Colleague: 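Got a structure for you, questions after.
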Amino acid sequence: MEYNFTEIEKKWKQYWADNKVYKVANGSEKPKCYVLDMFPYPSGAGLHVGHPLGYIASDIYSRYKRLKGYNVLHPMGFDAFGLPAEQYAIETGQHPAKTTEDNIKRYKEQLDNIGFCYDWSREVRTSDPKYYKWTQWIFLQLFESWYDRSSQKARPISDLISIFDASGNGEHTSPGDEHLSFNAAEWQQMSSKEQRSVLMTYRIAYQGYADVWWCEALGTVLANDEVVNGVSERGGHPVERKRMRQWFLRITEYAERLLSGLEGLDWTDAMKEMQRNWIGKSSGAVVKFGLSKQPTSLSFGEGRGEASISVFTTRPDTIFGVDFMVLAPEHELVDSITTKEQAAKIEEYKRYVKSRSERERISEVKQVTGCFTGSYVVHPFTGKEIPVWISEYVLAGYGTGAIMAVPAGDERDNAFAKHFNIPITNIFGDRYTGESAYSEKAGTIENSEFLSGMKVAEAIETAIEVLEEKGIGVRKVNYRLRDAGFSRQRYWGEPFPITYVDEVAYGVGEDGLPVELPYVDSYKPGPEGQGPLANITDWVKIKLDNTTQDVDSTSPSPWGRAGEGLRETNTMPGYAGSSWYFLRYMDPGNDNEFASRAATDYWQQVDLYVGGTEHAVGHLLYARMWTKVLHDLGHIGFDEPFKKLLNQGMIQGKSYFFKTVKPLEGVAESNSSSFIISSNKKRVAYEQFATEKAFTENTSLRLRYGQEYVDTNGRLTYDSYQRYIGEHGALPFEILWDKEGGQQFVQLKEEVEKMSKSKYNVVNPDDIVAQYGADTFRMYEMFLGPIDVSKPWDTKGIEGVHRFLKKLWRLYSDESQGIVLVDDVATEDELRIVHKTIKKIGEDIERFSFNTSVSQLMICVNELSSLGCHKRAVLEPLVILLSPFAPHIAEEIWQGCLKQEGSVLDAAFPEYNEAYLTESSIKYPVAINGKRRVDMDFAADATKDVIETAVLADATVQKWMDGKPMRKFIFVSGKMINVVV
RNA sequence: GCGGGUGUGGUGAAAUUGGUAGACACGCUAGACUUAGGAUCUAGUGCCGCGAGGCUUGGGGGUUCGAGUCCCUCCACCCGCACCA
């Protein structure tokens with residue numbers, strides 16, 4: 001019988017499903033192991049060959065752990081809320097619930113096709129009300145708690161109310177408003193509404209304000225992704241930044257713990273480094289600069305009297321080098337300090353900044369922009385008048401939104417000063433040349449009164465001490481991390497369990513959960529940038545006597561009163577559901593809790609989490625924070641979710657581009673959907689292409705699905721083009737064909753990009769599985785290279801893996817004779833091969849080196865084949881080693897050829913015997929002066945002296961030593977020999 | 001711009017701790033078997049050189065008996081940058 005993968009894979013998939021072999025219990029005699037993949041967003045393009053890379057790795061690891069005797073939890077689910085489904089709904093009118101359902105169905109089929117060992121009975125979907133009920137519940141935990149800085153943990157907001165009742169907020173400064181100060185009596189005298197607005201500045205989930213992209217023409221808020229080259233991706237309309245009331249998570253309170261918690265995690269240094277940089281801890285000082293009385297002609301606001309500008313600096317030692325101040329254009333003081341003379345210019349500049357993304361503002365450093373406010377501050381030590389400017393390179397969200405500019409010591413400040421002809425004070429002596437800023441922390445500070453002559457570290461300390469003494473500054477640790485925006489003005493997300501009564505936000509009581517997402521027919525944005533939910537007035541308004549909508553326990557209930565409440569119409573962002581899904585898998589059917597404490601105590605942390613580095617700072621940081629909050633509030637027993645993190649590289653797609661010549665009249669519109677224009681990687685909406693034919697000669701255009709048509713030289717031949725026309729329609733422009741050897745072709749430009757639907761470069765694993773089988777596909781993806789390296793998808797080489805499986809099959813079964821296994825005793829050579837393989841496979845899987853495992857299996861099969869070995873004793877352990885990688889063929893061999901009882905899944909991973917591995921003699925490379933000249937065999941236990949004598953006596957060695965005396969003899973046992981002359 | 005990663009034959013890659021660079025595959029060349037080959041098997045295959053030999057891990061420099069691996073520096077590409085997930 002030959003290797004019929006189609007039949008074998010179908011048969012065993014059915015067997016595994018029928019026997020529920022992947023079902024896992026919450027409890028076992030065996031030790032537990034939790035192996036998790038980052039669940040996918042079910043996109044309309046279906047699963048592509050990049051997704052399974054990590055899934056195969058975790059599947060192999062799970063199967064290996066099971067063979068090693070663990071109770072392995074290996075679940076899968078879907079991150080089902082998100083923007084693409086809604087964008088698709090806007091374009092086609094199809095409801096996101098429907099498309100999401102369809103996409104999930106397709107994803108599951110594709111996943112099952114590859115033969116993963118998921119326990120589907122534990123599947124979660126973030127868009128399922130039974131799931132998001134608990135997302136909402138956790139949100140309420142965040143809303144109903146505050147971060148106690150003294151005990152460094154989250155506590156219920158009711159504790160804070162008790163504290164305020166007893167002693168005001170003296171002990172606990174408000175993280176949202178540091179000027180807030182009241183005693184117990186003042187607190188008690190506040191109205192309920194005032195009290196709740198004070199509490200809002202403490203809550204971990206709170207409301208504040210943030211800028212969003214606003215598109216007037218579409219009447220909607222846009223995601224960064226929907227803004228391309230400064231205009232809306234859809235339609236190409238202008239966009240600007242707009243301030244809106246938003247929900248936030250106070251992740252900044254957790255900055256220190258998120259930082260220190262990294263130390264105990266088994267993540268790569270790169271990953272930890274990225275999180276550290278994202279959190280961006282820096283220490284320095286906040287310094288107050290009082291506003292000068294001059295000039296007096298202010299256009300806005302009056303009596304700046306005692307007003308001052310606070311800046312954060314990590315270099316207080318450079319305070320004598322301050323030549324100007326820069327405020328973020330959004331800074332609250334800008335309007336009140338701008339003089340009449342400068343008002344028009346400032347307004348114009350602010351309009352310009354509104355059109356700029358944050359990324360553009362910080363990255364385009366060569367372009368210096370800014371505007372003088374007309375006002376000055378007074379230097380606290382020298383009394384010098386310092387001009388106050390605004391500029392886009394200062395961001396409102398970081399530090400105090402204002403900086404003291406030291407052009408001698410900071411590159412951007414330097415460029416700014418030169419551009420606007422601001423005189424530069426040198427505080428670094430000879431080290432500042434006038435050419436560029438001196439930003440190193442070496443040498444001493446000069447020209448700085450009491451700091452002169454001090455080294456940087458000393459000067460920083462002294463400066464802070466003096467600033468604090470004089471009451472003009474204070475030591476401060478600052479984080480680059482910002483609170484996480486948690487509102488989206490969208491439909492397809494979790495509704496907030498929040499109701500407004502008299503404009504005060506109240507949490508919906510547990511009885512009212514879940515707050516279900518209402519069905520809609522239209523995804524039109526609501527008025528004034530609100531989400532689509534704002535249009536459903538029936539849903540938004542609720543009667544307050546509805547007793548099922550009980551309010552949280554911590555505040556006077558608004559329910560039971562006459563009148564109406566209004567629901568929050570924002571929805572939660574994509575990362576809400578994914579911040580805790582790993583907990584739900586532990587107890588997915590629980591209707592009373594997000595997961596029982598028994599379940600979370602049993603499974604504990606995720607032992608191995610596999611996913612891409614693109615989640616380094618988003619998802620992974622949020623999930624860590626939510627875990628810490630749930631831990632602080634006593635709901636779970638651990639405060640880090642993912643013990644070990646394995647990053648898989650990205651499988652990229654190859655895209656092909658060609659140069660346009662000239663559009664064909666009339667064809668462009670009818671076939672416009674075949675193209676996206678791309679020039680210098682910048683996308684242009686293709687409506688524009690259809691109507692304006694907005695490309696000229698030499699625009700680079702994407703050939704959609706190019707990888708299916710190009711040949712190995714990256715050429716589109718005339719014949720493939722004919723096929724292309726049949727399948728996708730003609731290209732709407734003239735084609736200039738090159739000719740070579742009678743063949744007509746166009747030379748295409750190849751680019752490696754992320755695999756995505758919008759780039760038309762997606763490769764479906766189903767196609768590969770149909771052609772070669774799931775086992776070949778799995779092994780090929782692993783054989784491609786190290787798991788953490790990104791590479792473009794290429795099927796070159798898949799034949800080799802397929803051949804390997806066929807060759808392996810022939811060890812067990814012959815085309816003409818059927819099963820060929822014999823019971824003979826294994827030889828020493830055979831045992832050495834198989835035990836070497838057992839050792840290597842175990843070690844390789846433990847260190848996630850799956851590509852070398854596949855190599856070793858190939859080596860093993862090659863050697864056994866050339867020995868003509870068909871012995872059970874050798875081939876039985878081999879099939880167990882193979883089973884994590886190629887489970888279908890392994891099961892067929894296990895049960896079909898070896899006639900074993902039960903599944904290979906529950907076999908025991910073989911143990912290797914060291915005795916079979918040791919070789920009696922070792923072949924040493926002998927080098928003279930580091931250059932290998934000859935190989936010599938020595939007994940494994942030969943001493944250095946014996947070897948040295950033999951080596952020096954060797955004719956080849958003597959030839960290369962050329963009569964020179966030996967200076968040194970280097971012998972590395974088991975490795976090599978080096979003679980230095 | 002900032003942060004992170006990667007760079008080794010024609011191609012994917014291996015070298016786990018500073019110790020034989022190129023394992024294992026793809027491709028290619030030649031051959032065997034065969035009605036046939038997109039099956040299978042055998043041999044060869046980093047580059048230069050007739051050869052002895054020399055050169056070779058993105059470029060340049062350094063440490064070392066010895067560097068793909070450590071240090072400095074430069075270059076190229078990929079990923080992320082806070083409302084894509």
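Naming: A, B, ... by sequence-line order, numbering from 1 per chain. Keep in mind the model is a prediction, meaning the values are calculated, not measured.
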Colleague: Please report, rounded to the nearest Å, how far the C1' atom of B:C65 is from the CZ atom of A:R967.
Modeller: 8 Å
Colleague: Could you tell me the Watson-Crick or G-U partner of B:C83, where both distances fall under 3.5 Å? Say none if there is no partner.
Modeller: none
Colleague: Using a heavy-atom cut-off of 4.0 Å across all strands, would you classify A:W960 as base, sugar-phosphate, or nothing?
Modeller: sugar-phosphate
Colleague: Is it true that A:W267 and A:Q275 share a donor-acceptor pair across their side chains at a distance under 3.5 Å?
Modeller: no
Colleague: Side-chain N or O of A:K975 less than 4.0 angstrom from OP1 or OP2 on B:U17?
Modeller: no
Colleague: Report yes if at least one side-chain N or O of A:R482 is closer than 4.0 Å to OP1 or OP2 of B:A82; otherwise report no.
Modeller: no
Colleague: Closer to the 5' end of RNA chain B via nearest nucleotide, is it A:N978 or A:P40?
Modeller: A:N978
Colleague: Starting at atom CD of A:Q87, determine the distance to atom P of B:C84, rounded to an integer number of angstrom.
Modeller: 10 Å
Colleague: Given the P atoms of B:A21 and B:G54, what is the spacing between them in whole Å?
Modeller: 13 Å
Colleague: Just to be sure I understand the rule, does A:H619 reach a base, reach only the sugar-phosphate, or reach nothing, if contact means heavy atoms closer than 4.0 Å?
Modeller: nothing
Colleague: What is the base-pairing partner of B:C70, counting Watson-Crick and G-U wobble geometry with both distances under 3.5 Å?
Modeller: B:G62
Colleague: What is the nucleic acid contact for A:S487, judged by heavy atoms within less than 4.0 Å: base, sugar-phosphate only, or nothing?
Modeller: base
Colleague: Tell me if the NZ atom of A:K944 is crowded by more than 12 foreign heavy atoms within 6.0 Å.
Modeller: yes
Colleague: Classify A:E799 by what it touches in the nucleic acid, base, sugar-phosphate, or nothing, heavy-atom distance under 4.0 Å.
Modeller: nothing
Colleague: Does a side-chain N or O of A:R933 approach OP1 or OP2 of B:G54 to a distance below 4.0 Å, or not?
Modeller: yes
Colleague: Select one nucleotide: of B:A39, B:C84, B:G12, the one nearest the side-chain heavy atoms of A:L83.
Modeller: B:C84
Colleague: Looking only at side-chain N and O atoms, does A:D788 offer a donor or acceptor that is under 3.5 Å from a partner on A:Q648?
Modeller: no
Colleague: Taking the six-membered ring for Trp and the single ring otherwise, decide whether the centroids of A:W580 and A:Y131 are under 6.0 Å apart.
Modeller: yes
Colleague: In whole angstrom, give me the gap between the P atoms of B:A52 and B:G46.
Modeller: 15 Å
Colleague: Under 4.0 Å: is that the gap between some side-chain N or O of A:N862 and OP1 or OP2 of B:A25?
Modeller: yes
Colleague: Is A:R803 near enough to B:G27 that one of its side-chain N or O atoms lies under 4.0 angstrom from OP1 or OP2?
Modeller: yes
Colleague: Indicate, with a heavy-atom threshold strictly under 4.0 Å, whether A:W213 touches base, sugar-phosphate, or nothing.
Modeller: nothing
Colleague: Whole angstrom is fine here: how far is it from CD1 in A:I279 over to C1' in B:C81?
Modeller: 15 Å
Colleague: I want to check one thing: is the phosphate of B:C41, taken as OP1 and OP2, less than 4.0 Å away from some side-chain N or O of A:R810?
Modeller: yes
Colleague: Any side-chain heavy atom of A:T100 within less than 4.5 Å of one from A:W492?
Modeller: yes
Colleague: Whom does B:U29 pair with, Watson-Crick or G-U wobble, provided both distances fall under 3.5 Å?
Modeller: B:A43
Colleague: With a 4.0 Å cutoff (strictly under), does any side-chain N or O of A:N224 reach OP1 or OP2 of B:C84?
Modeller: no
Colleague: Where the side chain of A:N851 is concerned, which of B:A15, B:A13, B:C79 is the nearest nucleotide?
Modeller: B:A13
Colleague: Which whole-number value in Å describes the distance from A:K806 NZ to B:U40 P?
Modeller: 4 Å
Colleague: Pick base, sugar-phosphate or nothing for A:M976, based on heavy-atom distances below 4.0 Å to the nucleic acid.
Modeller: base
Colleague: Quiz question: by atom type and distance under 3.5 Å, do the side chains of A:K807 and A:N862 form a donor-acceptor pair?
Modeller: yes
Colleague: Tell me what A:I798 touches on the nucleic acid: a base, only sugar-phosphate, or nothing, going by heavy atoms under 4.0 Å.
Modeller: nothing
